[in-house]
Amino acid sequence: MRRDKGGNKTAMKDERFPRSVFFVYLGALLLLMGMHTNMIVIMDRLGVAPWLAPVFPILYLAAAAAALTLYTRRQIKNTYEIPMQNLAEATGKVAQGDFSVYVPTLHTADRMDYLDYMILDFNRMVEELGSVETLKTDFVSNVSHEMKTPIAAIKSYAELLGLREVSEEQRREYARGIQEAALRLSSLISNILRLNKLENQTIDPQMERYDLCGQLEKCILQYEDLWDEKELELTVNLEEKTLVEADRELMALVWNNLLSNAAKFTEKGGSVEVSLNLGEDFVEVSVADTGCGMSQESMRHIFDKFYQGDASRSREGNGLGLALAKRVMELMEGDIRVESREGVGSIFTVRLPTAGSPSRREREKELI
């Protein structure tokens, strides 16, 4: 038996040679024994010379042995050598950077054995490697593009500042432009470094018990000026106190990202709601807005690095915030998901184990 990606059991043959091969060999050996005995009896009745009598059985056995050997060789070649040679050839292509390789299985889905499943796993691995290579290429391209934009802005503003006929008001405007571009570049580099550390697990989460509601209130207050500036109706539904065990600083990244996105993508006069739902072993925090919403395609890629579904607002971010949030939640043994409708708004929901949940208790026992 074998389990698929969903954890379901699937049937798998444990042997490569079909059972019919056993009966072929058994039948052939029994036939050889009978023929050999009959040959001796016939030669005895015919009065064949003693020196010639052993020759016929030897020739007969040699021919039978050769036939069985060739049959065995053919079975081994078809059963093992050809599939393994194909797999070795495909592996060589992958080693040279060709991720378009595909090795067909040997049997249909209802007759698959362990070699078929090994081939399926190989094909899946190559597909994943191809995806990683594509992501790597896209990452380099996106980083280059994201860095080029603020650098070009800084260069342009610096050239304008060097002109003699620039007024004092224009100088201040160009200086603000340089400052904004520099801040964007600094934010991009900081997020790239954070994401790299999180993905390579060079950051050791500092797990501690703290009040999640208190942290959320502080994060919400940080955007008070933004709520007022855009005249957003803010609704907050939190418990008096909710204890969680997580890395306080990393979780602050998640809340700040979700709150800033809610404010950024909600038009003036809209509303934002932050609510907390406390379960038996978990706590869920939802950040809902009445912004522009997302398409199904955007929702599939919203946690990808550098993905920005709303091109008109891409200048306000670098597409790394939600990728950071996703990675943080994986480290915290939690989850983040999104529900959205275009023109209606979005709801981001973060699910986090509470301090006394079973998973946390098991973790504490392992540490002890």
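Computed from a predicted structure; not experimentally measured. Scope of the values below: all heavy atoms of this structure, side chains included, with no hydrogens, waters or symmetry mates.
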Heavy-atom check, side chain of F265 versus side chain of C292, under 4.5 Å: yes
Nearest non-hydrogen partners of F303 and L322, listed with the distance: CD2-O, 3.5 Å
Residue E249 excluded, over 12 heavy atoms near CD under 6.0 Å: no
Y210 vs V244, side chain to side chain contact (heavy atoms under 4.5 Å, CB included): CA-CA, chis, key distance, verdict: CA-CA 6 Å; Y210 69 92; V244 294; 3.9 Å; yes
Full working for salt bridge (Lys or Arg N to Asp or Glu O under 4.0 Å) between R327 and E330: CA-CA 5 Å; R327 182 59 185 140; E330 289 173 356; 2.9 Å; yes
Passing candidate, side chain to side chain contact (heavy atoms under 4.5 Å, CB included) with E217, options D211, V236, L238, L212: L238
E159 CD to S156 OG distance, which is reported to the nearest 0.5 Å: 6.0 Å
Heavy-atom donor-acceptor pair, W227 side chain to I220 backbone, under 3.5 Å: yes
Reported CG-to-CG distance for the pair L258 and L216, which is rounded to 0.5 angstrom: 10.0 Å
Expected output: side-chain T290 to main-chain S271 donor-acceptor under 3.5 Å: yes
Main-chain N/O of A263 paired with T266 side-chain donor or acceptor, under 3.5 Å: no
Closest contact, heavy atoms only, G269 versus L232: N-CD2, 4.3 Å
Heavy-atom closest pair, residues A325 and V254: CA-CG2, 4.0 Å
Residue pairs involving residues 72-85 (criterion salt bridge (charged side-chain N to carboxylate O under 4.0 Å, His left out); sequence neighbours excluded): R73-E81
Side chain to side chain contact (heavy atoms under 4.5 Å, CB included) between I178 and L161, intermediate numbers included: CA-CA 10 Å; I178 291 175; L161 280 173; 3.6 Å; yes
Contact check, side chains of V274 and N237, non-hydrogen atoms, under 4.5 Å: no
Value rounded to 0.5 Å, distance of CG in L243 from CG in L278: 10.0 Å
Which atom of V350 lies closest to which atom of M251, heavy atoms considered: CG1-CE, 4.5 Å
Under 3.5 Å: donor-acceptor pair, side chain of S340, backbone of M294: yes
Residue pairs, two or more places apart or on separate chains, that pass salt bridge (charged side-chain N to carboxylate O under 4.0 Å, His left out) and touch residues 231-244: E231-K268
Pairwise distance CG(L234) to CG(D228) - rounded to 0.5 angstrom: 9.5 Å
Any donor-acceptor N/O pair, N256 side chain to A252 backbone, under 3.5 Å: yes
Exercise: identify the closest heavy-atom pair between C219 and W255: SG-CB, 4.0 Å
Linked, directly or transitively: I336 and L331 (ILVMFWY side chains, under 4.5 Å): yes
Donor-acceptor contact below 3.5 Å, side chain N123 vs main chain V103: yes
Linked, directly or transitively: M329 and I347 (ILVMFWY side chains, under 4.5 Å): no
Short side-chain to backbone donor-acceptor contact, D98 and V94, under 3.5 Å: no
Shared hydrophobic cluster for M118 and Y102 (ILVMFWY, side-chain gaps under 4.5 Å): no
ILVMFWY network linking L253 to L226, side-chain heavy atoms under 4.5 angstrom: yes
Other residues, nucleotides, ligands: >12 heavy atoms within 6.0 Å of R341 CZ: no
Salt-bridge present (E284, R337; N to O < 4.0 Å): yes
Heavy-atom donor-acceptor pair, D289 side chain to S346 backbone, under 3.5 Å: yes
Spacing of OG belonging to S295 relative to CD1 belonging to I302, to within rounding of 0.5 Å: 9.0 Å
Y223 with L183, same ILVMFWY side-chain cluster at under 4.5 Å: no
Heavy-atom pair of closest approach, residues M207 and D247: SD-N, 4.0 Å
Residue pair T349 / S286, side-chain donor-acceptor N/O under 3.5 Å: yes
Over 12 non-hydrogen atoms of neighbours within 6.0 angstrom of OH in Y157: no
Atom pair CD (E339) and CZ (F348), whose distance is rounded to the nearest 0.5 Å: 10.5 Å
Q215 side-chain N/O to R248 backbone N/O, donor-acceptor pair under 3.5 Å: yes
Carboxylate-amine/guanidinium contact E173 R176, below 4.0 Å: no
